[in-house]
Amino acid sequence: RGPVLLTASEDGTASLWCTRSGECLRTLSGHTKRVSSAAISPDGAWIITGSYDRTAMLWCVHTGECLRTIGGHHGVISSVDFSA
């Protein structure tokens with residue numbers, strides 16, 4: 001697939017883009033409010049998104065499936081990341 005770029009959007013989605021062609025490879029939908037942060041795991045297999053809806057979601061890069069929703073935050077999730 002080559003190098004990819006991940007973006008977070010105010011429409012509640014995150015998108016994965018091909019840096020060579022500019023094509024949108026996948027749009028991840030599931031948050032009910034703005035996605036404030038998104039990150040790709042070091043091995044490129046997973047995406048984590050954080051949102052104004054106070055949830056973080058774990059996604060499979062290859063299928064776009066949401067594997068887990070993590071709730072319980074008392075405020076907006078402003079940053080997400082993976083450990084190495």
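- Between I70 and M57, the closest side-chain pair of non-hydrogen atoms is not below 4.5 Å.
- How far NZ of K33 is from OH of Y52: 10.5 Å, rounded to the nearest 0.5 Å.
- Side chain of R54 to backbone of G72: no donor-acceptor contact under 3.5 angstrom is found.
- With a 4.5 Å cut-off on side-chain heavy atoms, L58 and F82 count as touching.
- T55 and H73 form no side-chain donor-acceptor contact under 3.5 Å, judged by distance and modelled atom types alone.
- In this structure, P42 and S83 approach most closely via the heavy-atom pair CG-O, 4.1 Å.
- In this structure, the separation between CD on E10 and OG on S36 is 10.5 Å, given to the nearest 0.5 Å.
- Looking at residues two or more places apart in sequence or on another chain, you find a side-chain contact (heavy atoms from CB on, under 4.5 Å) between I40 and V4, L6, L16, I47.
- Remark: D11 pairs with S9, T13 by the side-chain contact (heavy atoms from CB on, under 4.5 Å) rule, at least two apart or across chains.
- The shortest distance between side-chain heavy atoms of P3 and R20 falls below 4.5 Å.
- Partners of T69 according to the side-chain hydrogen bond (donor to acceptor under 3.5 Å, both in side chains) rule, which considers only residues two or more places apart in sequence or in another chain, do not exist here.
- For S78, the side-chain contact (heavy atoms from CB on, under 4.5 Å) test picks out no residue, with sequence neighbours left out.
- Residues L28 and I48 do not share a hydrophobic cluster, defined by chaining ILVMFWY side chains whose heavy atoms lie under 4.5 Å apart.
- Every residue two or more places apart in sequence or in another chain that forms a side-chain contact (heavy atoms from CB on, under 4.5 Å) with C60 is listed here: W46, H62, T63, L67.
- Checking side-chain atoms of S15 against main-chain N and O of T27 turns up no donor-acceptor pair under 3.5 Å.
- Applying the 4.5 Å side-chain rule to ILVMFWY residues, one finds that V35 remains a lone member of its cluster.
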**Message:** Show, in sequence, the C-alpha distance, side-chain angles and deciding distance for L25 and C18, and conclude whether the side-chain contact (heavy atoms from CB on, under 4.5 Å) test is met.
**Reply:** CA-CA 7 Å; L25 303 171; C18 175; 4.1 Å; yes

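- No donor-acceptor distance shorter than 3.5 angstrom exists from the side chain of D53 to the backbone of H31, with no hydrogens or angles considered.
- Taken from CH2 in W59 to OG in S29, the straight-line distance is 6.5 Å, to the nearest 0.5 Å.
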